[in-house]
Amino acid sequence: MNQHLQQAGLKLFKLLARHGESLMHAYVNGKLDEAKLDSKQVESLLKAGVIWRPSADEGLILSSNLRSLLEEALSDTRNRQIDANVGSRLETIKTLAAHYKEALHIGDLAAADVYLSDLNEHSYSLTESLRHSSRVLWSRINNEFGYVPSLSAKIRENELAQQQVGELLDSLSLLNFDTLSQIAGDIRELRRVLAINLSQAVFDCTQELAVVQTRLLTLLGRFRELRGKSRLLKGLQLFHAQHPDFSPQDPTNQVDVASLFNQAPALLNSASVDIHNPEHEQDLLHAVSQIHLQRQPNKLDGEPEHAVSLASVDEFSLQEQRIKQDVEDYLLGVIESAAGKTALEYYQQQQLSWDAEAWLYQVWGSYHALPEEQRDYFALDPIEDPHPIFSGNRIVRDLQVWLR
């Protein structure tokens, strides 16, 4: 190592150590307290490039390099500067890669090693800059922009952070790894630097910035909600200051309660009947038992409108036998055609005179009344839709019978 360079570095560190208190005062307060330093000390700090004076009538402030070093070492959340200049660094990396390939081509291994070292340094600097930008954003988000006092300032800082995230993502899009892979070619060292290291860093930063954007939008929504509520309270305070005799009415006695006071949730949640729940069986049976059949007297003779005569029992039995026979014909038709057919399709094709609902009940009952060895030949699937009102219930529209 160059001895002169080492001595210059040690001298700089000693200078920083001697004036550490004054430099930290300048970092915290923005300006250096010249009253605590003599002219020689100020001159030595100026020559070292640690401080500088913007104009003749202004005070001394820290240099940007020293401030960046302190912000990074101290993880200062006030740091709001993000370096998104990826384009120039990328061009430098491409140029060094071209120099390295040319040195290898002409056999200058010493120059190639130097170029490869510079290339590694610039690649590491680029990846660290990207990761540093992500860390800066997270440090500002984690304290919810606590370095500014008002909600409006927090919202402005949030919008600034979102803009910086967008700039970082635009900068990351400049890293075209197809082009970098073509530049690297089949040289292992270049592929490790240009393809592997950079691609992993870009992937990590892109994933992290996506999470940062989500968090920023969540914070922005909350800040705006708090600002709206604070403005409402300030307006109410101003109204009371202008109308000291104002006495609000009891909101519980009003028909339309203002949304400001109507914050309580509903006492009863929405509910629906579930007839398949066995725990509700007793309640449902009790409700059904309370239903009384209302009979309306016949207008002509005072008898019930739907009188049942015992003489019609035989006729009813014959009708029952006929509908069962139609169901058997339907099942035999399924066997002969070897294709599934719904009950209502057969009902419409044969133009049966039965009620459609009674027909479906009879098909269902006849299927389950078959002996087990015969029922195994068939499969019955209900065609059903969910109930439009009562959740958990379904309405059977049709029945599908087919051979297994």
Side-chain angles (χ1 to χ4, degrees), residues 24 26-31 52 54 61-94 121-180 193-228 230:
M24 281 305 300
Y27 175 74
V28 173
N29 297 282
K31 292 184 179 181
W52 66 292
I61 60 176
L62 295 183
S63 65
S64 59
N65 293 330
L66 180 57
R67 179 173 291 276
S68 300
L69 176 62
L70 290 173
E71 288 169 347
E72 176 66 19
L74 300 176
S75 299
D76 190 0
T77 58
R78 298 181 305 168
N79 184 4
R80 300 190 295 274
Q81 302 300 323
I82 292 178
D83 185 10
N85 187 14
V86 177
S88 61
R89 296 188 179 187
L90 183 60
E91 292 300 325
T92 302
I93 290 175
K94 291 180 180 180
E121 182 179 353
H122 281 80
S123 175
Y124 176 78
S125 176
L126 176 58
T127 55
E128 280 301 306
S129 175
L130 295 174
R131 292 190 175 96
H132 169 72
S133 300
S134 299
R135 289 195 298 269
V136 168
L137 288 171
W138 273 119
S139 65
R140 293 160 59 187
I141 290 175
N142 288 335
N143 64 7
E144 298 183 356
F145 307 97
Y147 46 81
V148 289
S150 63
L151 280 175
S152 298
K154 293 179 186 293
I155 292 175
R156 289 193 296 270
E157 289 292 337
N158 189 298
E159 293 173 349
L160 173 63
Q162 291 190 41
Q163 180 182 358
Q164 291 172 344
V165 170
E167 292 175 355
L168 281 174
L169 292 175
D170 293 339
S171 300
L172 291 177
S173 63
L174 297 175
L175 295 171
N176 189 345
F177 291 102
D178 293 334
T179 304
L180 294 177
V193 175
L194 300 180
I196 299 176
N197 295 344
L198 282 179
S199 63
Q200 184 62 38
V202 169
F203 176 77
D204 294 341
C205 290
T206 303
Q207 296 293 106
E208 192 168 0
L209 289 176
V211 181
V212 167
Q213 274 188 324
T214 304
R215 178 63 175 162
L216 285 173
L217 290 174
T218 304
L219 282 177
L220 183 61
R222 189 173 69 178
F223 290 157
R224 288 177 175 173
E225 181 182 1
L226 291 175
R227 185 174 64 176
S230 63

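The shown structure was predicted, so the numbers you read here are calculated from the model rather than taken from an experiment.
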Next on the checklist: I'd like to check Thr127 versus Asn197 (side-chain heavy atoms, cut-off strictly below 4.5 Å). Are they in contact?
Outcome noted: no
Checklist entry - Do Lys154 and Leu226 have side chains that get closer than 4.5 Å, going by heavy atoms? => result no
Approximate separation, where rounding is to 0.5 Å, of [X] [atom1] and [Y] [atom2]:
X: Ile141; Y: Leu216; atom1: CD1; atom2: CG; value: 3.5 Å
X: Leu217; Y: Leu220; atom1: CG; atom2: CG; value: 7.0 Å
X: Glu157; Y: Leu219; atom1: CD; atom2: CG; value: 12.5 Å
X: His122; Y: Leu90; atom1: NE2; atom2: CG; value: 12.0 Å

Checklist entry - Which residue, Arg222, Arg227, Glu225, Arg224, forms the side chain to side chain contact (heavy atoms under 4.5 Å, CB included) with Leu151? => result Arg227
Next on the checklist: Please determine whether side chain to side chain contact (heavy atoms under 4.5 Å, CB included) holds for the pair Val193 and Leu198, giving the CA-CA distance in whole Å, both sets of side-chain angles, and the decisive distance to 0.1 Å.
Outcome noted: CA-CA 7 Å; Val193 175; Leu198 282 179; 5.7 Å; no
Determine all donor-acceptor pairs shorter than 3.5 Å in which one atom belongs to a side chain in residues 202-209; sequence neighbours excluded.
unit_1 : atom_1 : unit_2 : atom_2 : d
Asp204 : OD1    : Gln200 : NE2    : 3.1
Asp204 : OD2    : Gln200 : NE2    : 3.4
Thr206 : OG1    : Val202 : O      : 2.7
Glu208 : OE2    : Trp138 : NE1    : 2.9

Checklist entry - How close do Ile155 and Phe223 get, heavy atom to heavy atom, and via which atoms? => result CG1-CB, 3.7 Å
Item to check | CA sep, side-chain torsions, deciding dist, call: Lys94, Leu194, side chain to side chain contact (heavy atoms under 4.5 Å, CB included) | outcome: CA-CA 9 Å; Lys94 291 180 180 180; Leu194 300 180; over 6 Å; no
